[in-house]
Amino acid sequence: MAVNLFFASLIWSWIGWPVLTPLQSVLGGAVLGIPVTWLFARHILRLMAKADS
């Protein structure tokens, strides 16, 4: 997630937004990545339970 966030900030720089530092990207990636990973894992578990039934 951190790499994606960093590269997205490079694209945002084309419209005048600041580029994130690597540290900011890692912290932002953790903040965004942990909840998204948890939600996706719940979704997969529901699909597995549905396939078993």
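These values consider heavy atoms only, across backbone and side chains, with no hydrogens, waters or symmetry-generated copies.
- V3 and L10 fall within the same hydrophobic cluster, where Ile, Leu, Val, Met, Phe, Trp and Tyr residues are linked whenever their side-chain heavy atoms come under 4.5 Å apart, directly or through other members.
- Closest non-hydrogen pair, P35 versus A30, comes out as CD-O, 4.2 Å.
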Show me, pair by pair, the donor-acceptor contacts under 3.5 angstrom made by side chains of residues 20-29, not counting sequence neighbours?
{"from": "T21", "atom 1": "OG1", "to": "Q24", "atom 2": "N", "distance (Å)": "3.1"}
{"from": "T21", "atom 1": "OG1", "to": "Q24", "atom 2": "OE1", "distance (Å)": "3.4"}
{"from": "Q24", "atom 1": "OE1", "to": "T21", "atom 2": "N", "distance (Å)": "2.8"}
{"from": "S25", "atom 1": "OG", "to": "T21", "atom 2": "O", "distance (Å)": "3.1"}

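- By the side chain to side chain contact (heavy atoms under 4.5 Å, CB included) test, V31 pairs with no residue at all, sequence neighbours left out.
- Residues passing the side chain to side chain contact (heavy atoms under 4.5 Å, CB included) test with L47 are H43, I44, sequence neighbours excluded.
- Hydrophobic clustering places F40 together with M48 (ILVMFWY residues linked when any side-chain heavy atoms are closer than 4.5 Å, directly or through intermediates).
- Other residues sharing the hydrophobic cluster of I11, ordered by chain and number and joined by side-chain separations under 4.5 Å: W14.
- In this view, R46 and R42 satisfy the side chain to side chain contact (heavy atoms under 4.5 Å, CB included) rule, not counting sequence neighbours.
- For W17, the side chain to side chain contact (heavy atoms under 4.5 Å, CB included) partners are W12, I15, not counting sequence neighbours.
- For the atom pair OG1 of T37 and CE of M1, the computed distance is 8.0 Å after rounding to the nearest 0.5 Å.
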